[in-house]
Structures are given as C-alpha cells and as structure tokens.
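First the structure, in the form of structure tokens, and then the observations on it.
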Amino acid sequence: MGVLASGRGSNLQALIDAGRNANFPAEVVLVLSDKKNAYALERASLAGIRTGHLAPKEEGFYRKMGDEIENYGVDLVCCAGFMRILPPEFVNRFSGRIINIHPSLLPSFPGLHAQKKALDAGVRVTGCTVHFVDEGVDTGPIILQAAVPVLPDDDEKTLSERILTYEHRIYPLAVRLIAEGSVRCIDGVVQYTESAFPESKGFISPVS
Ligand code: GAR
C-alpha cells in the first residue's frame, strides 16, 4: 500500500498495524503527504516506512505523486484523511487501485465535517465507508460500511471518536478483501466472492 494522508494519521496507523500481522496480505511501504508537518509522516517514520512530502503549489504535484507511487511498486493507493480532491489524471492513472475512507454512510454527508452534518441532520445512525475513488468528492463504488449510532448527548467530538473506532476496523478489512481478490467491481458496483463473508450476505456492520 501507498498511503496519502494530510493529518494525524490514525487510519494510517491502523493500516500499519494490520500490515505487521503475518497473516495480513498487504503492508504499507510508502506514505505521502501534502502537509509537511502531518503527524502521519511521523508515524510512518517511526515505523520505518518511506515518507515523502510534496507541496501542492509545486508544478506537477499530482504527476510527481503518481511517479513516486509507481516507482515504489505500490499496488493499492489508500487515502487516509488526505484532504484534497484527486484530479481525473491521477484517478485515471491508478483506476481501480485507489480507495478512500470517509466518516459517514455515503452517499450521505460527503465532504468536510461529515460528523457535524450528521448531527445537524438529526440522523440516528451514521457510520463510515470505504470506497473506490472516482473523480467526485467522496464518491465511487462502496466496498464496506459500518453503521454507528448517534447518541442523544453526542457532540461532534464524541461522535467522531465513536466513528473512528469503526474506521480503524473496516479500513484494514477492506484492504484485506482487495488484496485477497475477494471483491471486484462490476458496472460501478462492488461484488464479493462467495468466500469473502461466510457469515453474512455482504452487508457489514461490525458489532463490538
Ligand atoms: C478520518 O475520520 C477520515 O475518515 C476523514 O478524515 C479523518 C482522518 O483521520 N476523511 C475524510 O473526511 C475524507 N473525506 P486520521 O488522519 O486520524 O486517519
């Protein structure tokens, strides 16, 4: 995996930790950030993973990012709190090989402040989604979702924290499914192989 991150990198950490498990079929080999001081870069360095910072204002930012990913032999690009909209040239270059995690049950509440939008809308259930990336904002074929309750006393912080614990579970799980060849995308819809979820019929809402 090559991970793109702009911030604190807790999802990156979940992917790094998963990759350390001998039974996990993927590992993080490269972390790139558009923010020089992103804590995600520090997490990667601590784990002995190659890091890179690219300044978005630089000419050819996305081309250089793509070159780095390709040169490093990355099979799957994972956006983990990468707060930029990827341009078509980048999405097409890695078509079907870029995934993203978002803190809502997409297609509800795309974009920034998804948890606040859920609170403002008064929904009783929200969650998180891992999806293949297309040219839109938090759009593309959905791989996995976890449903998370909104509790009466929630504020943005408590809800975000509850959702995050599920993000850390479904992101590695989605990577596992892809790496094992258990998901495929047909006409923009993700389908699982029979063996992917022996105990369910494809809808995943992890319970604790
Ligand atoms: C996560 O909640 C992730 O779902 C969200 O940013 C946060 C990054 O946290 N991503 C988006 O909103 C994408 N539209 P992290 O840096 O601790 O992984």
From [X] [atom1] over to [Y] [atom2], what is the distance, rounded to the nearest 0.5 angstrom?
X    : Y    : atom1 : atom2 : value
Q145 : H102 : CD    : NE2   : 10.5 Å
E135 : F90  : CD    : CZ    : 13.0 Å
L159 : L151 : CG    : CG    : 8.0 Å
D17  : L12  : CG    : CG    : 9.0 Å
K35  : H53  : NZ    : NE2   : 8.5 Å
I178 : R184 : CD1   : CZ    : 14.5 Å

With the 4.5 Å side-chain cut-off for hydrophobic clustering, are [X] and [Y] part of the same group?
X    : Y    : value
L164 : I101 : no
V123 : I142 : no
L15  : F94  : no
F132 : V137 : no
V133 : L76  : no

Would you say the side-chain atoms of [X] pair up with the backbone N or O of [Y], donor to acceptor, closer than 3.5 Å?
X    : Y    : answer
R162 : P149 : yes
T126 : S104 : no
Y62  : P56  : no
T51  : A44  : no

For V189 and I186, what are the C-alpha separation, side-chain angles and deciding distance, and is it a side-chain contact (heavy atoms from CB on, under 4.5 Å)?
CA-CA 5 Å; V189 177; I186 297 170; 5.9 Å; no

Could you check L177, V183, T129 and say which one makes a side-chain contact (heavy atoms from CB on, under 4.5 Å) with L144?
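Among L177, V183, T129, the one that satisfies the side-chain contact (heavy atoms from CB on, under 4.5 Å) with L144 is L177.
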
Within the structure provided, determine whether [X] and [Y] are in side-chain contact (heavy-atom separation under 4.5 Å).
X    : Y    : answer
L106 : T139 : no
V175 : I99  : yes
I69  : R93  : no
L4   : M65  : yes
C79  : L86  : yes
N11  : V3   : no
F61  : D34  : yes
R176 : P25  : yes

Using every non-hydrogen atom in the two residues, find where [X] and [Y] come nearest and quote the distance to one decimal.
X    : Y    : answer
C128 : I163 : CB-CG2, 3.9 Å
S6   : F82  : OG-CA, 3.4 Å
A179 : A26  : CB-CB, 4.4 Å
V31  : V28  : CG2-CG1, 3.8 Å
V74  : V29  : CG2-CG2, 3.9 Å
L105 : G127 : CG-N, 3.8 Å

Can you list, pair by pair, the side-chain donor-acceptor contacts under 3.5 Å of residues 107-119, counting residues two or more places apart and other chains?
residue	atom	partner	partner atom	Å
K116	NZ	D120	OD2	2.8
K117	NZ	P110	O	2.6
K117	NZ	L112	O	3.0

I would like to know whether K64 and E68 meet salt bridge (Lys or Arg N to Asp or Glu O under 4.0 Å); could you show each step before the answer?
CA-CA 6 Å; K64 286 180 194 161; E68 183 83 352; over 6 Å; no

Hey, are S95 and N92 close enough side-chain-wise for a donor-acceptor pair under 3.5 Å?
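No, S95 and N92 have no side-chain donor paired with an acceptor closer than 3.5 Å.
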
